[in-house]
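Right, one structure below, let's go through it.
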Amino acid sequence: RKEVEQDPGPFNVPEGATVAFNCTYSNSASQSFFWYRQDCRKEPKLLMSVYSSGNEDGRFTAQLNRASQYISLLIRDSKLSDSATYLCVVSARFNNNDMRFGAGTRLTVKP
Amino acid sequence: GAVVSQHPSWVICKSGTSVKIECRSLDFQATTMFWYRQFPKQSLMLMATSNEGSKATYEQGVEKDKFLINHASLTLSTLTVTSAHPEDSSFYICSARDHRTSGVTDTQYFGPGTRLTVL
């Protein structure tokens, strides 16, 4: 079983749509959780950290369910510029020295 | 945010040659840097953790004699792929941890990556 699993997609949605991505992780000792965004042939960029209580940053909402070892990302009012691959990242150490990446979920937002 | 650079951004080489990739933190000191590899449509895989002034820590399955890591200063880590073969062709990405941000949310900043093609 992979350490971090994501639905690879692709998700093709129209502008303005709401889309949700899910991610599961296998290590119950995981401490830190993130969503990164990666554009084609580019490096990953931090989108947001995920906190136990859930957190929101503009159109993006992240949720964490430790009992189910499950993380989600919700994007509201999708923009064309949201088209990218979204990577779920988990770390079992507080200093994030061992970040484990999911393979990513590809999102394409169409006009 | 903090800036991390990599050089070269892409390289094509013949099988059997060695390739050195540099990772620099431009506006902060990074005692810890990380090297990842990403094959097409796959996740980033951590190869090794590079610590300034000490030996790198390699992940299971990564050959330390093939992927030589040197972290001689607080702003530079190098990865040398020795005797490269076509199966080493991949996207190599480094990241550096900014120790100005302390605590549980130490942030890793990624370099732009180096695309290696071995013929």
(request) State, with a plain yes or no, whether a side-chain heavy atom of B/I93 is found less than 4.5 Å away from one of A/Q38. (result) yes

(request) Write down the atom of A/Y36, the atom of B/Q108, and the distance for their closest heavy-atom approach. (result) OH-O, 3.7 Å

Listed pairs under 3.5 Å, donor-acceptor, residues 16-24 of chain B side chains, sequence neighbours left out:
residue, atom, partner, partner atom, Å
B/T17, OG1, B/K14, O, 2.7
B/S18, OG, B/S83, N, 3.4
B/E22, OE1, B/R24, NH2, 3.4

(message) Please report the interatomic distance CH2(B/W10) to CZ(A/R41), rounded to the nearest 0.5 Å.
(response) 12.0 Å

(request) Look at atom NZ of B/K66 and say whether more than 12 heavy atoms of other residues, nucleotides or ligands are closer to it than 6.0 Å. (result) yes

(request) Name all residues meeting the side-chain hydrogen bond (donor to acceptor under 3.5 Å, both in side chains) criterion together with A/E43; count only those two or more places apart in sequence or in a different chain, and write none if there are none. (result) none

Show me the donor-acceptor pairs within less than 3.5 Å that the side chains of residues 100-111 of chain A make with the rest of the protein, sequence neighbours left out.
residue, atom, partner, partner atom, Å
A/R100, NH1, B/E59, OE1, 3.2
A/R100, NH2, B/E59, OE1, 2.9
A/T105, OG1, A/Q6, NE2, 3.3
A/T105, OG1, A/D7, O, 2.5

(request) Examine A/F21 and A/M48 and state if one hydrophobic cluster contains both, with Ile, Leu, Val, Met, Phe, Trp and Tyr joined whenever side-chain heavy atoms are less than 4.5 Å apart. (result) yes

(message) If you compare all heavy atoms of A/M99 against all heavy atoms of B/Y36, which two are closest, and at what distance to 0.1 Å?
(response) CB-OH, 3.8 Å

(request) Could you tell me whether the side chain of A/P44 reaches within less than 4.5 Å of the side chain of B/L44, counting heavy atoms only? (result) yes

(message) I'd like to know if A/V19 and A/Y86 are part of one continuous hydrophobic network [Ile/Leu/Val/Met/Phe/Trp/Tyr, side-chain heavy atoms within less than 4.5 Å].
(response) yes

(message) For residues B/V4 and B/L79: do they belong to one hydrophobic cluster (side chain heavy atoms under 4.5 Å, members Ile, Leu, Val, Met, Phe, Trp, Tyr)?
(response) no

(request) Look at atom NE2 of B/H7 and say whether more than 12 heavy atoms of other residues, nucleotides or ligands are closer to it than 6.0 Å. (result) no

(request) Considering only heavy atoms, give the residues of residues 110-119 of chain B separated from chain A by less than 4.5 Å, sorted numerically, with 'none' for an empty result. (result) B/F110, B/G111, B/P112, B/R115

(request) Count the heavy atoms belonging to other residues, nucleotides or ligands that lie under 6.0 Å from CE of B/M45, then report whether that count exceeds 12. (result) no

(message) Measuring from atom NZ of B/K41 to atom OG1 of A/T85, what distance do you get when rounded to the nearest 0.5 angstrom?
(response) 10.0 Å

